[in-house]
Number of protein chains: 2
Amino acid sequence: MYIQLLYMKELEDILKTKSEMPLAKKTVLNISYTSTTIKDSMLHVLKPFDISIEQFNVLRILRGQHGKPTNLQDIQDRMVSKMSNTTRLVDKLILKGFVERFICEKNRRKVDIFITEKGLKALLEIDPVIEKTEAHIASPLTQEELQTLNHLLTKLRD
Amino acid sequence: MYIQLLYMKELEDILKTKSEMPLAKKTVLNISYTSTTIKDSMLHVLKPFDISIEQFNVLRILRGQHGKPTNLQDIQDRMVSKMSNTTRLVDKLILKGFVERFICEKNRRKVDIFITEKGLKALLEIDPVIEKTEAHIASPLTQEELQTLNHLLTKLRD
DNA sequence: GTACAACAATTGTATATACAAATGTAATCG
DNA sequence: CGATTACATTTGTATATACAATTGTTGTAC
């Protein structure tokens, strides 16, 4: 994120000033830009673990299933991006030994996916780092402001 | 976006309820998810024009230069994602005839990039569609709520 | 004038998303 | 029982980002 601080360019200027940009456009830009800066932060702290944000999210989804077999659609429905190619994400996690995949005995079109012990261990290591980063990201706002922000974002999606 | 409405899954449930999730984590998730739904909307309306959001943004940046030669770093500094591979984006816009690239005479390490007439025409066609989409995205909130949302997002990035 | 460091862009490679086509399996219909 | 439709995943292909290495050019130091 320090690279971005070196360049104070048009984007921050636009977002910080009362420019003539229509409010709807400014809102869309602001959300997109903020999301990108957050992703960059996450990417930065995840880098030493050699895992992407999306792979990490898949592991968290599987952990949340508490050993219950999960199929690809279940995973995909719980992901931030609903159009992601979940087969490929799972393929890479298999290569890392973090998940395993079996053909579903009841319905062989489906696959049953589980997180492995290695995957759970990886999450135990990464969780505190991510939580610290999330806390840092949110730190410029008060609890009340965070509540308001969440409320407005949820309302926006209706 | 209608596909997402068919699945009311854990994510929206988490974001809409007072779940036990820490507020920082909820905020990060909310911003990321909202940004993704916005991108999906943009992608949907841009599809008939056979242009991506990022390509569209590059054209807008170049139009904003009013014919002034622009180099790759200038473009990249003004983009939402500062790590994008701008060379590749410009390559694709050249293939579409929307921009042209010349070696800078003063400094041959640099390239001068211009939007073409065809590119300007494309923007004239796309602009109203995008503005309508942005207005639609912002429509669930009042002007005051949008001001507050923008203020909170900007403060968050400090 | 030459060597070296720095700059700007390009290229290589990897990952993720987007979207359609292909493949194998299961359910349904006649 | 066979044909057809639907389902779930995989694969193919394209685009964007991420990041490092490479390439050509310019600036600086001696």
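As the structure is a computational prediction, the values presented were derived from the model and not from experiment. So you know, we letter chains A, B, ... as the sequences are listed, proteins then strands, and number each from 1.
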**Complete:** In A/Leu89, A/Ile115, A/Ile51, the residue satisfying side-chain contact (heavy atoms from CB on, under 4.5 Å) with A/Val58 is A/Leu89
**Message:** OP1 or OP2 of C/dT17 versus the side-chain N and O atoms of B/Thr36: is any pair under 4.0 Å?
**Reply:** no
Rounded distance (Å) that lies between atom [atom2] of [N] and atom [atom1] of [X]:
X	N	atom1	atom2	result
B/Ile113	C/dA8	CD1	P	14 Å
A/Leu72	D/dC7	CG	C1'	13 Å
A/Met83	C/dA20	CE	C1'	14 Å
A/Lys110	D/dT10	NZ	P	13 Å
A/Gln76	C/dC19	CD	P	12 Å
B/Leu46	C/dA18	CG	C1'	14 Å
B/Lys39	D/dT17	NZ	C1'	12 Å
B/Leu43	C/dC19	CG	C1'	10 Å

**Request:** Please name all residues satisfying side-chain contact (heavy atoms from CB on, under 4.5 Å) with B/Lys121, sequence neighbours left out, ordered by chain then number.
**Result:** none
**Request:** Pull out every residue in residues 85-98 of chain A that has a heavy atom closer than 4.0 Å to any atom of DNA chain D, ordered by number, or say none.
**Result:** A/Asn85, A/Thr87, A/Arg88
**Request:** Mind listing the residues from residues 47-55 of chain A sitting with a heavy atom below 4.0 Å of DNA chain D? Number order is fine.
**Result:** A/Lys47
Nearest non-hydrogen partners of [X] and [Y], listed with the distance:
X	Y	value
A/Pro128	A/Glu125	CD-O, 3.4 Å
B/Lys68	B/Phe114	C-CE2, 4.2 Å
B/Asp112	B/Cys104	OD2-CA, 3.6 Å
A/Val90	A/Val99	O-CG2, 3.9 Å
B/Ser35	A/Ser32	OG-CA, 3.9 Å
B/Ile61	B/Ile75	CD1-O, 3.9 Å

**Item:** Sequence-distant partners of B/Lys155, salt bridge (charged side-chain N to carboxylate O under 4.0 Å, His left out), two or more places apart
**Value:** A/Glu145
**Prompt:** Which letters describe nucleotides 21-27 of chain D, given B = protein heavy atom under 4.0 Å from base, S = only from sugar-phosphate, - = neither?
**Reply:** ---BBB-
**Request:** Evaluate side chain to side chain contact (heavy atoms under 4.5 Å, CB included) for A/Asp74 paired with A/Asn71, printing each intermediate quantity in order.
**Result:** CA-CA 5 Å; A/Asp74 288 339; A/Asn71 65 32; 3.3 Å; yes
**Prompt:** Should B/Arg101 and B/Asp91 count as an ion pair when the cut-off is N to O under 4.0 Å?
**Reply:** yes
**Prompt:** Is it true that a side-chain atom of A/Thr116 and a backbone atom of A/Gly97 form a donor plus acceptor pair closer than 3.5 Å?
**Reply:** yes
**Asked** Backbone N or O of A/Ser84 within a donor-acceptor pair of the A/Gln76 side chain at under 3.5 Å?
**Response** yes
**Message:** Quick check on B/Ile103: does its CD1 atom have over 12 non-hydrogen neighbours (other residues, nucleotides or ligands) under 6.0 Å away?
**Reply:** no
**Message:** With each end axis built from five pairs of C1' atoms, what bend angle do you get for the helix from C/dG1-D/dC30 to C/dG30-D/dC1? Round to 10°.
**Reply:** 10°
